[in-house]
*Asks:* 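Just passing along the structure, written as structure tokens.
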Amino acid sequence: MQIIKNRRIINSPWRLEPDTELGEPDQAASVADESGRRLISVRHWLSMRNDAHGHSDGCGDVGIYLNADDEVASIAEHLDSIPVIAIIFESFAEGRGYSQAVELRQQHHYHGEIRAIGAAVDNLSLMERCGINAFQLTDDDPKQDLKQALSFFTEIDTVYPYN
């Protein structure tokens, strides 16, 4: 799957793994590809850690995704072991994902990839200012062409750093 990361179009090996018991969002319909890199729900990740008696060993190439109602604090002490954190944006008007990204970067100094899943092209500059550095665009966005989407980053020419 192609995404935008650090203002470049790349092929991403990370795939969402649905948390079917919890009825996770439709964006989570794809599963890990042959690389085995998968994004799982916070609840599933915490459960895996508890099953491993608090050790992240054996979790493999696993990142997590946050829904709007997930608390960043629940994973804060483990951020060094999480290479990718995806934030699900279920609607254009959902703003909690911006707060989650800012909290990860400013309060917890997370340096890994923060990916917006369901990103709307019109919001890319704002998402970037909040600390999001990877973007998986919505399937229903008519402006989904990734090369064209890159032009939306120049919308704001003066950006103040978040850290």
*Asks:* To the nearest 0.5 Å, tell me how far Asn133 CG sits from Ile114 CD1.
*Replies:*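 Going from CG on Asn133 over to CD1 on Ile114, the span is 6.5 Å.
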*Asks:* Under the side chain to side chain donor-acceptor pair (under 3.5 Å) test, which residues partner Glu94, sequence neighbours left out?
*Replies:*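 Partners of Glu94 under the side chain to side chain donor-acceptor pair (under 3.5 Å) test: Arg96.
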*Asks:* With the side chain counted from C-beta on, respond yes when Phe89 and Met127 share a heavy-atom pair under 4.5 Å apart, and no when they do not.
*Replies:*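 Phe89 vs Met127: side chains touch.
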*Asks:* Would you please name every residue forming a side chain to side chain donor-acceptor pair (under 3.5 Å) with Glu103, sequence neighbours left out?
*Replies:*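 Side chain to side chain donor-acceptor pair (under 3.5 Å) list for Glu103, sorted by chain: His108.
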*Asks:* Do the side-chain N and O atoms of Tyr98 and Asn123 include a donor-acceptor pair separated by under 3.5 angstrom?
*Replies:*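 Yes, a side-chain donor-acceptor pair sits under 3.5 Å.
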*Asks:* Between Val42 and Ser74, which heavy-atom pair has the shortest distance, and what is it?
*Replies:*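 Shortest heavy-atom contact: CG1-OG, 3.6 Å.
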*Asks:* Treating Gln100 as the side-chain partner and Asn67 as the backbone partner, does any N or O pair qualify as donor plus acceptor under 3.5 Å?
*Replies:*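 Yes, because the side chain of Gln100 sits within donor-acceptor range (under 3.5 Å) of the backbone of Asn67.
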*Asks:* Working note: Gln2 + Ile10, criterion side chain to side chain contact (heavy atoms under 4.5 Å, CB included); need CA distance, chi angles, decisive distance, verdict.
*Replies:* CA-CA 6 Å; Gln2 288 195 317; Ile10 66 160; over 6 Å; no
*Asks:* Report yes or no: does Asp145 contribute a side-chain atom to a donor-acceptor pair with the main-chain N or O of Gln148 at less than 3.5 Å?
*Replies:*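 Yes; judged by distance alone, with no hydrogens or angles, the pair exists.
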*Asks:* Can Arg37 and Arg15 be said to form a side chain to side chain contact (heavy atoms under 4.5 Å, CB included), step by step?
*Replies:* CA-CA 7 Å; Arg37 293 186 177 161; Arg15 300 290 182 265; over 6 Å; no
*Asks:* Any sub-3.5 Å donor-acceptor pair from Ser125's side-chain atoms to Phe152's backbone N or O?
*Replies:*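 Such a contact is found between Ser125 side chain and Phe152 backbone.
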*Asks:* Can you tell me how far apart CD1 (Ile132) and CG (Leu124) are? Round to the nearest 0.5 Å.
*Replies:*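 The distance works out to 9.5 Å.
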*Asks:* Dump the intermediate steps for side chain to side chain contact (heavy atoms under 4.5 Å, CB included) on Ser81 and Trp45, then the final yes or no.
*Replies:* CA-CA 11 Å; Ser81 66; Trp45 187 85; 3.9 Å; yes
*Asks:* Looking at the rings of Phe153 and Phe135, which for Trp means the six-membered one, are their centres under 6.0 Å apart?
*Replies:*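 Ring-ring flag for Phe153/Phe135: true, centres closer than 6.0 Å.
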*Asks:* Apply side chain to side chain contact (heavy atoms under 4.5 Å, CB included) to the pair Ile75 and Ile85, showing each step before the final yes or no.
*Replies:* CA-CA 10 Å; Ile75 57 167; Ile85 299 175; 4.1 Å; yes
*Asks:* Counting only heavy atoms from other residues, nucleotides and ligands, does the tally under 6.0 Å from CD of Glu71 exceed 12?
*Replies:*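 Count not over threshold, so no.
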*Asks:* Would you check if Leu39 and Ile64 make a side-chain contact, meaning some heavy-atom pair closer than 4.5 Å?
*Replies:*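 They are not in contact (no side-chain heavy atoms under 4.5 Å apart), so the answer is no.
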*Asks:* In terms of hydrophobic clustering (I, L, V, M, F, W, Y; side-chain heavy atoms under 4.5 Å; direct or indirect links), are Ile88 and Val102 co-clustered?
*Replies:*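 In one cluster: no.
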*Asks:* Using a 3.5 Å distance criterion without hydrogens, assess whether the side chain of Arg105 forms a donor-acceptor pair with backbone atoms of Tyr110.
*Replies:*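 It does hold such a pair.
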*Asks:* Starting at CG of Asn11, measure out to CD1 of Ile3 and round the result to the nearest 0.5 Å.
*Replies:*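 That separation rounds to 9.0 Å.
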*Asks:* Could you pull out all residues at least two apart from Asp69 that satisfy side chain to side chain donor-acceptor pair (under 3.5 Å)?
*Replies:*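 For Asp69 there are no side chain to side chain donor-acceptor pair (under 3.5 Å) partners, ignoring immediate neighbours.
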*Asks:* For Arg115 and Ser12, does a side-chain donor sit closer than 3.5 Å to a side-chain acceptor?
*Replies:*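 Present: a donor and an acceptor within the cut-off.
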*Asks:* Roughly how far, to the nearest 0.5 Å, is the CG atom of Leu146 from the CD1 atom of Ile4?
*Replies:*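 Going from CD1 on Ile4 over to CG on Leu146, the span is 5.0 Å.
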*Asks:* Return the CG to OG distance between Asp70 and Ser41, rounded to the nearest 0.5 Å.
*Replies:*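 Answer for the CG-OG pair, Asp70 versus Ser41, is 7.5 Å.
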*Asks:* If you measure from CD1 on Ile117 to CG on Leu137, what distance do you get to the nearest 0.5 Å?
*Replies:*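 It comes to 11.5 Å.
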*Asks:* According to a hydrophobic-cluster definition based on side-chain heavy atoms being under 4.5 Å apart (Ile, Leu, Val, Met, Phe, Trp, Tyr only), do Leu46 and Leu79 belong together?
*Replies:*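 Per the 4.5 Å side-chain linkage, Leu46 and Leu79 are co-clustered.
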